Amino acid sequence: MSDEITAAEEASASGNFIDSFIEEDIAPGGRFEGEKVHTRFPPEPNGYLHIGHAKAICIDFGTAEKFGGIANLRMDDTNPTKEDTEYVDAIQEDIKWLGFTWDDRFYYASDYFPKMYEFAENLIQQGLAYVCELDPEQMKENRGDLTRPAVSPYRDRPVEESLDLFRRMKNGEFEDGKMTLRAKIDLASGNFNLRDPVIYRINHMTHHRTGETWCIYPMYDYAHPIEDALEGITHSLCSLEFEDHRPLYDWVINHINLPAKPRQIEFARLGINNTVMSKRKLRTLVENNYVSGWDDPRMPTLCGLRRRGYTPASIRNFCERIGVAKVNSTVEYSFLEHCLREDLNLNAERTMAVLEPVKLILTNYPENKTEDFEVENNPERPEQGTRTVSFSRELWIEKEDFMEEPVKGYFRLFPGNEVRLKTSYIIRCTGCKKDNNGNVTEVYAEYDPATRGGNTPDGRKIKGTIHWTDAKTAADAEVRLYDSLFTVPDPEAGDFLEELNPDSLKVLTGCKVEPALVNADSSKSFQFMRQGYFCMDNRDSTPEHPVFNRSVSLKDGFKKK
RNA sequence: UGGGCUGUAGCCAAGGGGUAAGGCAACGGACUUUGACUCCGUCAUUCCGUAGGUUCAAAUCCUGCCAGCCCAGCCA
């Protein structure tokens with residue numbers, strides 16, 4: 001009892017409108033007084049889940065959790081023309097990855113086909129549905145318009161005739177498109193969804209689960225409320241474009257004898273700037289090989305983000321913090337990145353790494369000497385332990401950590417300047433060597449033996465600390481870099497297909513991917529972080545062939561004063 | 001032109017009659033063995049889409065207007 005009060009209080013504290021509705025519903029005198037909150041996430045298995053779905057998942061599962069209720073996972077597979085088991089598996093994997101569980105409450109809309117059929121016959125018998133013989137073109141012509149009502153010459157067909165026709169539809173006596181079952185509601189409604197909507201269509205096709213058993217399939221508007229009700233859903237949360245469908249949802253609930261009367265509540269779907277979120281467009285990218293697959297790191301799919309280095313926690317936190325409302329909103333991509341950084345900063349193991357190497361030679365360090373240093377894996381979390389890195393006369397450092405002629409405000413390596421090699425020594429730059437083209441090939445410096453461990457016993461201040469790897473022991477690894485590009489035009493603008501070319505791909509997905517070579521101080525860790533870079537775990541990684549991603553979301557370089 | 005929904009800062013977003021939370025971004029500064037992180041400060045001097053009205057008092061209530069989004073699939 002006290003738990004329920006706490007749940008309600010928490011909900012009200014977090015304060016989104018869905019929570020408020022549910023609170024009213026479960027409160028004394030409410031529509032679902034005393035009932036356990038029960039939600040569902042009902043994807044159609046026709047594509048991979050993307051960050052937009054993550055919002056819905058967090059709302060569906062999160063809301064149930066908040067109220068001490070439960071959530072189902074249901075494949076909304078009522079249209080065999082687009083669906084495939086590949087997606088069924090991927091969807092489950094991605095939701096699990098996000099950290100949500102549905103226990104044994106995993107369902108398919110197709111499991112309810114027999115019941116839906118019975119209910120449909122019942123509707124016909126009640127005089128609430130009829131078989132219509134308008135073909136798609138005629139149906140369109142007879143749809144009416146904003147001010148004119150729709151018409152159907154078959155509307156007043158006798159019940160027995162509709163029943164007979166409907167049964168023959170089911171038995172496969174008619175071709176696709178020949179006839180439909182329509183709900184008899186209101187041909188003059190200002191809401192087109194109520195103009196005698198089609199609730200069953202003929203489709204001679206192999207369904208990924210029911211095979212050839214059916215050749216008629218229920219439409220979403222008819223099927224969804226039934227699915228929800230049969231599962232005992234209390235709150236059917238969906239996106240804003242279904243607001244117009246709610247009257248139909250309620251119509252179905254009210255005219256069929258169902259075990260529950262779920263309430264549909266709509267919320268705004270997620271938009272992120274410079275990010276393609278349309279399933280259709282993402283599919284186009286995949287099918288035409290513009291990307292390597294649904295899990296290409298440039299894709300905003302959950303599996304793509306996973307390869308880009310996003311953590312489940314960061315995505316869940318993002319969804320939590322963007323809030324839930326009914327305004328169409330476009331969240332800035334930088335906010336997603338912020339949520340990632342926050343998580344990574346706290347939890348990621350660091351590894352020093354050099355992406356674009358230049359050799360550093362410590363001219364006063366013995367030729368054959370090698371020292372070991374213990375480095376913390378995560379300064380924020382000492383309990384994550386340390387690793388050993390070797391150090392010797394020749395090291396790799398980042399090209400951009402040296403400037404022969406420093407610009408104003410630069411405080412890393414330049415002739416005469418002191419810099420700390422993280423955890424090892426303070427060094428002073430003495431010069432460099434260049435090739436015929438003027439490119440720096442070697443940087444020279446002298447180390448200060450008194451500063452072992454990077455300490456400054458004399459208390460002198462060292463402004464710059466740079467990463468390095470031992471040239472003798474550093475492990476090479478292939479890296480994929482991705483850069484977020486925000487100076488690009490709106491990817492949604494213009495003709496999508498026309499704009500599609502390899503060069504514009506970065507525009508479409510907000511980032512580009514480039515291969516690069518990295519040498520890191522540790523081959524066991526696939527996560528490292530340094531100034532300006534986030535390099536993270538990647539599914540493609542193997543100990544022999546690690547792959548990192550770099551995010552440029554941190555402030556790169558330095559600020560000029 | 002019919003129906004549905006929405007307008008609070010550059011971007012999200014609380015607040016539902018009593019004098020505009022928070023986060024992101026941005027900009028200052030401190031600190032720092034990652035130019036990161038962290039910390040401090042500045043960011044709607046009652047233009048909360050707009051015009052009126054009610055009220056001692058309105059972002060909150062009322063009316064009109066304006067703007068944006070969704071709907072005429074046998075998609076979901």
Side-chain angles (χ1 to χ4, degrees), chain A residues 14-16 42-44 46 76-79 81-83 109 132 134-136 139-140 142-150 176-182 188-195 197-203 216-217 219-221 223-224 238-247 266 268 270 272-273 279 321-339 341-342 344-346 350 352 375-376 379-380 409-412 420-424 426 451 453-456 461-467 528-534 554-559:
Chain A
S14 75
N16 77 53
E44 183 187 16
N46 68 345
D76 205 2
D77 55 352
T78 56
N79 182 0
T81 61
K82 306 190 291 182
E83 295 150 8
C132 179
L134 257 22
D135 67 28
M139 182 94 72
K140 197 172 180 182
N142 289 292
R143 255 292 171 180
D145 57 32
L146 299 180
T147 47
R148 284 177 138 68
D176 291 4
K178 263 280 187 284
M179 48 186 78
T180 58
L181 184 68
R182 291 231 248 168
S189 174
N191 181 348
F192 281 81
N193 296 301
L194 299 179
R195 312 250 274 214
V198 170
I199 58 178
Y200 263 95
R201 78 283 214 178
I202 302 172
N203 205 335
I216 57 170
Y217 292 93
M219 297 286 290
Y220 168 88
D221 284 314
H224 208 84
C238 63
S239 44
L240 242 31
E241 67 266 32
F242 292 104
E243 270 179 318
D244 287 341
H245 297 244
R246 189 173 354 119
E266 311 85 9
L270 170 67
I272 298 180
N273 62 350
K279 216 189 247 182
R321 298 221 263 158
I322 52 175
V324 183
K326 298 189 74 161
V327 244
N328 283 300
S329 60
T330 304
V331 178
E332 289 180 352
Y333 186 78
S334 62
F335 190 53
L336 215 205
E337 292 188 311
H338 165 80
C339 293
R341 284 199 301 274
E342 195 173 64
L344 254 21
N345 182 52
L346 201 60
R350 275 68 154 175
M352 287 195 290
V375 191
E376 71 243 301
E380 305 288 325
Y410 188 78
F411 56 75
R412 278 168 277 169
R420 172 168 24 238
L421 294 176
K422 189 171 165 62
T423 72
S424 55
I426 310 287
T451 59
N455 299 308
T456 51
K461 290 281 183 198
I462 303 297
K463 200 121 193 266
T465 299
I466 66 173
H467 280 216
F528 69 95
M529 181 165 76
R530 54 157 296 164
Q531 69 198 45
Y533 306 107
F534 266 99
L554 290 178
K555 286 165 189 154
D556 255 327
F558 58 93
K559 288 176 195 165

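Letters A, B, ... mirror the listed sequences (proteins, then strands); counts begin at 1. Computed over heavy atoms, backbone and side chain alike; hydrogens, waters and symmetry mates excluded. This is a predicted model, so every value here is computed, not measured.
- Rounded to whole Å, atom C1' of B/rC37 lies 16 Å from atom CD of A/E337.
- For the pair A/K422 NZ and B/rC37 P, the interatomic distance rounds to 15 Å; values are reported in whole Å.
- In this structure, A/N203 places its CG atom 9 Å from C1' of B/rC74, rounding to the nearest Å.
- The base of B/rG3 sits with one of its N or O atoms less than 3.5 Å from a complementary donor or acceptor on the side chain of A/D244.
- As rounded to whole Å, 12 Å separates atom C1' of B/rU38 from atom CD of A/E342.
- Distance alone, capped at 3.5 Å, is enough to place a donor-acceptor pair between the A/N273 side chain and the A/Y333 backbone.
- Of the possible donor and acceptor atoms, none in the side chain of A/R201 sits under 3.5 Å from a partner among the backbone N and O of A/G177.
- Using a 4.0 Å heavy-atom distance criterion, A/L134 is classed as a base contact.
- The A/E44 side chain lies nearest to B/rA76 when the options are B/rG4, B/rA76, B/rA72.
- With P as the reference atom, B/rG28 and B/rA36 are 13 Å apart, rounded to whole Å.
- OP1 or OP2 of B/rC74 lies within a sub-4.0 Å distance of a side-chain N or O belonging to A/R143.
- OP1 and OP2 of B/rU34 both lie 4.0 Å or more from every side-chain N or O belonging to A/H467.
- A/N193 places its CG atom 10 Å from the P atom of B/rC74, with the value rounded to the nearest Å.
- When each of A/H338 and A/K140 is assigned the nucleotide of RNA chain B with its nearest heavy atom, A/H338 is the one assigned upstream, toward the 5' end.
- A donor-acceptor contact under 3.5 angstrom links the side-chain atoms of A/H245 to the base of B/rA76.
- Distances were taken from every side-chain heavy atom of A/N191 (C-beta onward) to each of B/rA76, B/rG3, B/rG2; the shortest belongs to B/rG3.
- In the set B/rC71, B/rC24, B/rC70, B/rC24 carries the atom at the smallest distance from any side-chain atom of A/S334.
- Looking at A/K279 and A/E44, no side-chain N of the basic residue comes within less than 4.0 Å of a carboxylate O on the acidic one, giving no salt bridge.
- Remark: A/R201 is in phosphate contact with B/rC75, judged by side-chain N or O atoms under 4.0 Å from OP1 or OP2.
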Contacts under 3.5 Å, N or O only, protein and nucleotides 10-13 of chain B:
residue: B/rG10; atom: N2; partner: A/E332; partner atom: OE1; Å: 3.2
residue: B/rC11; atom: O4'; partner: A/E332; partner atom: OE2; Å: 2.9
residue: B/rC11; atom: O3'; partner: A/T330; partner atom: O; Å: 3.0
residue: B/rC11; atom: O2'; partner: A/T330; partner atom: O; Å: 2.8
residue: B/rC11; atom: O2'; partner: A/E332; partner atom: N; Å: 3.4
residue: B/rC12; atom: OP1; partner: A/T330; partner atom: N; Å: 3.1
residue: B/rC12; atom: O5'; partner: A/T330; partner atom: O; Å: 3.4
residue: B/rC12; atom: O2'; partner: A/I322; partner atom: O; Å: 2.8

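- For A/D145, taking side-chain heavy atoms from C-beta onward, the closest of the listed nucleotides B/rU34, B/rA72, B/rC75 is B/rA72.
- Under the Watson-Crick and G-U wobble criteria, each requiring two contacts below 3.5 Å, nucleotide B/rC31 is left unpaired.
- A donor-acceptor pair under 3.5 Å is absent between the side-chain atoms of A/R420 and the main chain of A/T451, judged by distance alone.
- You'll find that the side chain of A/V198 is closest to B/rC74, out of B/rA25, B/rC74, B/rA72.
- When heavy atoms are screened at a 4.0 angstrom cut-off, A/D135 is found touching base atoms of the nucleic acid.
- An OP1 or OP2 oxygen of B/rA25 is reached within less than 4.0 angstrom by a side-chain nitrogen or oxygen of A/R341.
- Within the 4.0 angstrom heavy-atom criterion, only backbone atoms of the sugar-phosphate kind lie near A/T78; the bases stay farther away.
- Base engagement by A/T180 is indicated by at least one non-hydrogen atom pair under 4.0 Å involving a base atom.
- If you check B/rU1, B/rA36, B/rA25 against the side chain of A/N345, the one that comes closest is B/rA36.
- For the P atoms, the distance from B/rU46 to B/rG35 is 42 Å, rounded to whole Å.
- Looking at which nucleotide of RNA chain B each of A/G454 and A/F242 is closest to, the 5′-most match is held by A/G454.
- In this structure, A/E380 places its CD atom 19 Å from P of B/rC31, rounding to the nearest Å.
- When both distances must be under 3.5 Å, the Watson-Crick or G-U wobble mate of B/rA67 is B/rU6.
- Below 30°, between 30° and 60°, or above 60°: for A/F335 and A/H338 the angle between ring planes is below 30°, a parallel geometry.
- Atom P of nucleotide B/rU34 and atom CG of A/L421 are separated by 13 Å, given to the nearest angstrom.
- Regarding A/E266, its CD atom lies at a distance of 9 Å from the P atom of B/rC5, rounded to whole Å.
- The base-pairing partner of B/rC61, taking Watson-Crick or G-U wobble contacts with both distances under 3.5 Å, is B/rG53.
- Scanning for side-chain hydrogen bond (donor to acceptor under 3.5 Å, both in side chains) contacts around A/S239 gives A/E241, with sequence neighbours left out.
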